[in-house]
2 protein chains.
Amino acid sequence: MPGRPAITLDRSSPIPLYFQVAEQFEEAILSGTIAPGDRIDNEVDLARDLGLSRPTMRQAIQTLVDKGMLVRKRGVGTQVVHGKVRRSVELTSLYDDLTRAGQEPRTEILHLRRSPADEETAQELQVAEGAEVWSLERLRFVGDEPLALMCNYLPIGLVDLDGADLEHDGLYATLRRSGILIRVARQRIGCRRATTAEATRLGERRGSPLLTMQRTAYDDAGQAVEFGRHAYRPELYSFDLTLVER
Amino acid sequence: MPGRPAITLDRSSPIPLYFQVAEQFEEAILSGTIAPGDRIDNEVDLARDLGLSRPTMRQAIQTLVDKGMLVRKRGVGTQVVHGKVRRSVELTSLYDDLTRAGQEPRTEILHLRRSPADEETAQELQVAEGAEVWSLERLRFVGDEPLALMCNYLPIGLVDLDGADLEHDGLYATLRRSGILIRVARQRIGCRRATTAEATRLGERRGSPLLTMQRTAYDDAGQAVEFGRHAYRPELYSFDLTLVER
DNA sequence: GAGTGGTCTAGACCACATT
DNA sequence: ATGTGGTCTAGACCACTCC
C-alpha cells in the first residue's frame, strides 16, 4: 500500500515536470492504485525522492487539488477524496464531450449565414446592435436521438465558417484550427418550456422542459469570440460540476 | 493610466502577501480603475516595485486568472478580460447567495428528522442502505415568493442539527459553526417537471419545469458530509459559471 | 515535540510573440 | 533583439494538528 504511485520523470521532455507528476498521480487515483481516503506521502519526502524541488512538487499536487481529486489539510496531510470522481464541466463543447464518451454524435446544420445582431447578442459580443454577425444554428444527435438545439453568434472577420467543417468537427475545434484559443467562458444554466419550433426540432412536445445554457467565450486577448444559446433535452443531458474551496 | 493600482502591503498582517496584492487588483478591476482590455504591468517589474519575489507576484496574478478576471498570454502580457465580470458558482449555499445579493431570504423548515437512507443517498454518503441519516426538508423564499425546495441528508453523529439555527443561518453556516469545513463538492444540474407535491410547495402548476441540482459535499478529510436534492423555480434562479482554461 | 502543509525568497533558464 | 510569461531550484520560516 504505497503512499505514492511509481513515478517516472522524463527531464528531456517538453512536458513540465509538475504536469508529469500530476498525470501519474491522477492515473493512479482513477485506476484505484491509490484508493479513496488513502493518504499520500508528504510533499517534502516526495520532492526529495523524485529529485524535485518542493515548490515543483507542490504545484503537481495543487493541480489535482484544483481538480477536486485530492484534499490537503494543514498539519495533517494530503489524501484522495472519497466518492466517485466524475468529470467536471470543462471548457469544451458538447461535441467534445460526446466524442470522449465514445458515443456517436452527429450534427445537422440548420443554417449558417450573416445576420444583424439582436440586442443581447450585440452586447455580449461587444458590437453595435444591428451589426452583422455570423449566425449558426445546429441540431445535435446522439445516435438517432436529437439532443440539443444550438444557436451561436460570432463576430464577422474573426474566422471564416464553413458548413462542412462544422458538421464534422464542431465549433470549438473549428475555432482552434483557425488559431483561436478560448481562455475564459461565462455560462448561465437555467430551464424553461420548449417553444413549438424547439419541440419540433428536438422531438419533444410543446411546453416540455428544456435545460438551457447561454455562453459567452473569450479568447487569449480577452475579446468575446462567441455567444451561444443552447437547449438540451433534460432526459439526455445534464451538467456536472466539481467545486473546490480555494 | 496606470498599469497597476496603488497597492499597499502590510507585512505584519497575517493575510498572505499574494492575497493582499490579488485583493487590491480585484478591487481596481471591479471599480473600473483598470478597464477591461487594459494591460497590466509585467510580473518582474511589479514584483520589484512592490518588493516581492517574482513567484509571490505570480501567485497573486494567478488567483485572478483563476477567477477569470485576468488573461495571461505568453510573450505578450497580462490584461483584464472584457465583458461583465459576473460572480461565478462558488462553494456556498443558496442562502449565502441571496444574503450577499441584498435580498431577504426566509427559510421554512418542513421537517427535520432521522430516517433510513434510500439507495442513492446511502451511496453518496457512504453509509449502508437503510442506515439512519438526518433528513432535512426546507422551503426557501425571497420576499413572499417560494424559490426553492431543498431536501438534504447528512450522516448522523457528524453534527447536531437544530431547527432554529437552520431557519436563521442556513445549512452551510450551521456546519461551519460546528467546525465542519466543506472543501470539495460535486454537483449535477438538470431539469424536469414538477411533481404535484413540489408544485404545491413552490406555487407552480403540476408539470411545470423545475431547475434541479444534486450535490454531494466533502469536508477536509475527504468524507461526504452532505447530500442534497434541490429544485428551483427557473423564473427566479439560474446558475452562473466562469470557466477558465488552465 | 514532531510532522505536516502554507508562504516566501532570489535567483536561473527556457519558450514564445513581437518588433 | 527584446520583452513577456512558463518553469524550476534550494533553501527558509511559520501555522496548524496531533501525540
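Lettering follows sequence order; numbering is per chain, from 1.
When all heavy atoms of A:R140 and A:T107 are compared, the pair lying nearest together is NH2-OG1, 2.8 Å. The shortest heavy-atom contact between B:Q20 and B:I15 is NE2-O, 2.9 Å.
Among the atoms of the strands shown, none is found under 4.0 Å from any heavy atom of A:R48. Among the heavy atoms of the strands, none lies under 4.0 Å from A:P14.
We find that CZ of B:R11 is positioned 15 Å from P of C:dT7, with the value rounded to whole Å. Here C:dT18 presents its P atom at 11 Å from CZ of B:R39, a figure rounded to the nearest Å.
Annotation: cation-pi geometry satisfied between B:R114 and B:W134 (NZ/CZ under 6.0 angstrom from ring centroid, within 45° of ring axis).
When distances are taken from the side chain of A:P55 to each of C:dC8, D:dC8, D:dC18, the shortest belongs to C:dC8. Considering only side-chain atoms of A:P16, the nucleotide from C:dT4, D:dG5, D:dC8 that sits closest is D:dC8. Of the listed nucleotides (D:dC8, C:dA10, D:dG6), C:dA10 has the atom at the smallest distance from the side chain of B:S53.
Between A:R54 and D:dA10, a side-chain N or O to OP1/OP2 separation shorter than 4.0 Å is absent. Neither OP1 nor OP2 of D:dC8 sits under 4.0 Å from any side-chain N or O of A:Y18.
A salt bridge links B:R72 with B:E43: the closest approach of a Lys/Arg side-chain nitrogen to an acidic carboxylate oxygen falls below 4.0 angstrom.
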